[in-house]
Asks: 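Before anything else, here's the structure in question.
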Number of protein chains: 2
Amino acid sequence: MRRSSAQGVLYGQTVANVAGIANSDLECMDILYLEGRVTAGRLAEVTGLTTGAITGVVDRLEKAGLVRRERDENDRRKVFIAVVPEAAMKIGQFYVPMQQAMEKVFNTYSDEELRLLLRFATEGYKGVLAATEALKGLLDTPPEKRPDLKLKKLRQP
Amino acid sequence: MRRSSAQGVLYGQTVANVAGIANSDLECMDILYLEGRVTAGRLAEVTGLTTGAITGVVDRLEKAGLVRRERDENDRRKVFIAVVPEAAMKIGQFYVPMQQAMEKVFNTYSDEELRLLLRFATEGYKGVLAATEALKGLLDTPPEKRPDLKLKKLRQP
DNA sequence: AATATATATCTTAGTCACTAAGAGAATTAG
DNA sequence: CTAATTCTCTTAGTGACTAAGATATATATT
């Protein structure tokens, strides 16, 4: 799974490269695609970038015509970022090979097996979130007070 | 799964941050951990960075005492990069929360279910590799000659 | 053996995304 | 109605990255 993840990152890098946008720009497009219309601040949160960096990201994406800035009329400090669907499609094209490849894989499983995989995906995500929280906790603990955690050796493949 | 992947990337960013090394430095450590002793060129291949960038990565990692350069005696152009296990352990510590979280998830599955998950992980990885190849093929085809690929709309969660 | 070509890493100059700190504008609290 | 807070943007400076070419070793050709 770690290998898949790493390869997936590479895939994204290639797409960003071809689309002529920066890596984190594409990451933001991904978030916008998953979450819909979000504020600049939320993008900063989710990506782990500073708000200053996000300004740059959105500037570039807007210039490329991929997103639009929309001021919130209720709270005029906020800036919503919304994808421009037609333009975003052009980038989406590059994910077709990935979708097709994964579809092929998924097609080899029965409905019941797919349900298991879905459960695992959901629980796994919760696990990763929990791990992130635990990591933060670990970092707030001064090193000498940390429980002596042992890293398990993984078997070499 | 995409969410897990994105969150996993964030996790790695945090670890790199705390460990005081750059993101791609950590990525290289990961590869070294998975593949063992590899050449600088291989690192470039796997990470998608230029060889020049890898020189920088290895310089930083070596200065931090995390890896060692070892010249291949059979082919003295090659430089093997090898992790220094003791030093790498300190970074490994930060992955303990992730390991524990995932172990907790895996513990909720029977052996048979785990076999299914393993099969999926393996096939999924092959799928991602295949997708990468397909993407390269797509890029070698001039845009007007590309088959009209339709991106499937994913259901919003 | 000598020259040419290929392979592997490193060097250099320049670019661009990122951070930190703080400014500006709008909102909420006292 | 001033003060504190929230949200985005601006600015200056940093550092990892690329492209192109240098260096060193290995392999192929005549």
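If you're wondering where the values come from, they're calculated on a predicted model, not measured in any experiment. So you know, we letter chains A, B, ... as the sequences are listed, proteins then strands, and number each from 1.
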Asks: Considering only C:dT27, D:dT18, D:dT8, which nucleotide approaches the side chain of B:Ala53 most closely?
Replies: D:dT18
Asks: Distance check, rounded to the nearest 0.5 Å: B:Thr39 atom OG1 versus B:Asp75 atom CG?
Replies: 10.0 Å
Asks: Donor-acceptor pair, distance only, cut-off 3.5 Å: does the side chain of B:Gln7 make one with the backbone of A:Tyr125?
Replies: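 No; judged by distance alone, with no hydrogens or angles, the pair does not exist.
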Asks: Return the CG to OH distance between B:Leu117 and B:Tyr109, rounded to the nearest 0.5 Å.
Replies: 6.0 Å
Asks: Rounding to an integer number of Å, can you tell me how far A:Lys78 NZ sits from D:dT5 C1'?
Replies: 13 Å
Asks: By a strict heavy-atom criterion of less than 4.0 Å, which residues belonging to residues 65-73 of chain B are in contact with DNA chain C?
Replies: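 Those residues whose heavy atoms fall under 4.0 Å from DNA chain C, taken from residues 65-73 of chain B in numerical order, are B:Arg69.
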Asks: Just checking B:Gly56: base, sugar-phosphate only, or nothing, at a heavy-atom cut-off of under 4.0 Å?
Replies: nothing
Asks: Counting only side-chain nitrogens and oxygens, does A:Arg60 get under 4.0 Å of the OP1 or OP2 atom of C:dA17?
Replies: yes
Asks: Does any N or O donor sit under 3.5 Å from an N or O acceptor when you compare the side chain of B:Arg77 with the base of C:dT7?
Replies: yes
Asks: Report the C-alpha distance between B:Glu123 and B:Lys126 in whole Å, list the side-chain angles of each, state the deciding distance to 0.1 Å, and finish with yes or no for salt bridge (charged side-chain N to carboxylate O under 4.0 Å, His left out).
Replies: CA-CA 5 Å; B:Glu123 295 302 315; B:Lys126 283 185 199 159; 3.5 Å; yes
Asks: Using a strict cut-off of less than 4.0 Å between a Lys/Arg side-chain nitrogen and an Asp/Glu carboxylate oxygen, indicate whether B:Glu133 and B:Lys136 qualify as a salt bridge.
Replies: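 Looking at B:Glu133 and B:Lys136, the cut-off is met.
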Asks: Aromatic rings B:Phe106 and A:Phe120: how do their planes relate, parallel, tilted or perpendicular, breaks at 30° and 60°?
Replies: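 Ring orientation, 0 to 90° scale: parallel.
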Asks: Would the base of C:dC10 count as contacting B:Thr51 through its side chain, where contact means a donor and an acceptor less than 3.5 Å apart?
Replies: yes
Asks: Among D:dA16, C:dA26, D:dT8, which is the nearest nucleotide to the side chain of A:Val79?
Replies: D:dT8
Asks: May I have the distance from A:Ile21 (atom CD1) to C:dC16 (atom C1'), rounded to whole angstrom?
Replies: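 From A:Ile21 CD1 to C:dC16 C1': 15 Å.
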Asks: A:Leu43 has an atom CG; how far is it from atom P of D:dT8, in whole Å?
Replies: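 One finds 9 Å between P of D:dT8 and CG of A:Leu43, rounded.
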